Amino acid sequence: MADKRRFDLFAQFLVERFPAPRVFDIAGGQGRLNEALTRLGRTVTTFDSRHKHLPVRYEQRMFTLDEPCECDLLVGMHPDGATRIIIEYAAKHRLPFAVVPCCSDNGMPYNPWRRYLADLAREQGFPTVEEHALPMDGRARVVLGDFGPSPREPGAGPQ
């Protein structure tokens with residue numbers, strides 16, 4: 001059974017790690033991660049094709065690489081078949097991403113799947129790719145990639 005705290009724990013990690021005010025939550029199901037991030041002051045849009053969802057900002061459709069870039073961070077909590085597109089879209093727009101992978105879309109077991117995703121991020125040009133363990137039961141490893149500080153962040157140097 002999945003840890004009921006997973007959305008709050010992931011949201012807290014994201015807010016502490018990324019100073020990103022606008023977030024795209026890909027394959028976000030009913031919008032529980034959206035709800036948790038919104039409570040922490042982020043503006044979140046969840047993309048998923050579900051018909052039933054929480055009253056959050058929600059795009060009831062599949063997310064594609066052609067989506068206009070109106071975010072500062074891409075995330076996915078167990079996004080299954082949408083995991084790769086999160087990494088590819090983030091690379092295309094030089095945005096950070098964080099995913100908690102679960103099921104692979106190619107039949108790989110969990111650990112090789114996580115390694116594959118980290119390798120994919122490196123191949124897509126992310127200079128920083130790492131993992132973080134959330135303090136929860138179940139699939140709790142976050143794979144994340146970042147291009148470093150953006151010009152609007154403190155510590156980014158001269159513009």
Side-chain angles (χ1 to χ4, degrees), residues 2-3 6-29 32-34 36-37 40 42-49 59 61-159:
D3 193 317
R6 68 186 178 276
F7 300 106
D8 291 326
L9 291 169
F10 189 34
Q12 189 62 46
F13 168 77
L14 294 169
V15 167
E16 290 171 1
R17 178 69 188 243
F18 300 103
R22 301 173 307 157
V23 180
F24 279 175
D25 172 25
I26 311 305
R32 295 201 186 282
L33 181 59
N34 182 326
L37 283 165
L40 295 173
R42 299 303 192 256
T43 300
V44 184
T45 302
T46 297
F47 291 82
D48 202 304
S49 56
E59 293 293 333
R61 59 187 161 86
M62 299 286 287
F63 184 81
T64 71
L65 288 176
D66 297 325
E67 188 67 40
C69 186
E70 298 172 351
C71 70
D72 307 297
L73 171 67
L74 270 82
V75 302
M77 167 65 84
H78 302 167
D80 297 341
T83 306
R84 289 181 212 222
I85 198 165
I86 292 170
I87 295 170
E88 292 167 359
Y89 185 93
K92 177 180 177 180
H93 295 284
R94 297 190 54 81
L95 297 169
F97 77 88
V99 294
V100 180
C102 186
C103 304
S104 72
D105 61 7
N106 60 9
M108 279 186 191
Y110 182 62
N111 290 332
W113 175 237
R114 286 190 353 256
R115 288 190 294 273
Y116 171 83
L117 295 172
D119 289 343
L120 174 64
R122 289 183 192 94
E123 290 169 12
Q124 293 284 320
F126 283 92
T128 302
V129 178
E130 55 190 82
E131 283 194 25
H132 175 82
L134 295 173
M136 65 183 207
D137 297 330
R139 307 286 174 151
R141 303 291 298 185
V142 181
V143 177
L144 58 101
D146 200 349
F147 285 100
S150 71
R152 64 184 178 276
E153 291 177 19
Q159 294 186 24

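These numbers come from the heavy atoms of this one structure, side chains and all, not from hydrogens, waters or symmetry mates. Note that the coordinates shown come from a computational prediction; the quantities given were computed from them, not determined experimentally.
Here the OG-CE distance, from S49 to M62, works out to 6.0 Å after rounding to the nearest 0.5 Å. Interatomic distance, CZ of R17 versus NE2 of H132, reported as 8.5 Å (0.5 Å rounding). Between atom CZ of residue F24 and atom CG of residue L73 there is a gap of 11.0 Å, rounded to the nearest 0.5 Å. We find the CG-NE2 distance between L74 and H93 to be 8.5 Å, quoted to the nearest 0.5 Å. Expressed to the nearest 0.5 Å, how far CD of E59 lies from CD1 of I26 amounts to 10.5 Å. Of the inter-residue distances, the one linking H78 atom NE2 with T83 atom OG1 reads 9.5 Å to the nearest 0.5 angstrom.
Using a 4.5 Å heavy-atom threshold, the side chains of L14 and V23 count as separate. In this structure, the side chains of V100 and R141 stay at 4.5 Å or more apart for every pair of heavy atoms. For the pair E67 and F47, the minimum side-chain heavy-atom distance is below 4.5 Å. Inter-residue side-chain proximity for V142 and F10 is flagged as met; some heavy-atom pair is nearer than 4.5 Å. Side-chain contact between Q124 and E88 is present, with heavy atoms from C-beta onward closer than 4.5 Å. Counting only heavy atoms from C-beta outward, the side chains of E130 and L144 approach each other to under 4.5 Å. A heavy-atom distance below 4.5 Å is not found between the side chains of C71 and T45. Side-chain contact between F147 and P96: absent, with no pair of heavy atoms (C-beta onward) separated by less than 4.5 Å.
Under the side-chain contact (heavy atoms from CB on, under 4.5 Å) rule, L37 has a single partner from V44, T46, D8, D25, which is V44.
The two residues G29 and D48 come nearest to each other via the heavy atoms N-OD2, 2.7 Å. Annotation for D146 and F18: closest pair OD2-CE2, 3.8 Å, computed over non-hydrogen atoms. Taking both residues in full, the closest heavy atoms of P109 and P112 are given as O-CD, 3.3 Å, listed atom of the first, atom of the second, then distance. Across all their heavy atoms, P101 and L117 have their closest contact at CB-CD1, 3.7 Å. Of all non-hydrogen atoms in G76 and I86, the two that sit nearest each other are CA-CD1, 3.9 Å.
Seen from the ring of Y110, R114 counts as a face-on cation partner, given the 6.0 Å and 45° thresholds.
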R42/R22 under side chain to side chain contact (heavy atoms under 4.5 Å, CB included): CA gap, chis, key distance, verdict: CA-CA 6 Å; R42 299 303 192 256; R22 301 173 307 157; over 6 Å; no
For side chain to side chain contact (heavy atoms under 4.5 Å, CB included), just list the numbers for V75 and V99, CA-CA rounded to whole Å, side-chain angles, deciding distance to a tenth of an Å, and then say yes or no. CA-CA 5 Å; V75 302; V99 294; over 6 Å; no
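In summary, the aromatic rings of Y116 and W113 are positioned with their centroids under 6.0 Å apart. Here Y89 and F97 keep their ring centres 6.0 angstrom or further from each other.
With hydrogens and angles disregarded, no donor-acceptor distance shorter than 3.5 Å links the side chain of D72 to the backbone of A20.
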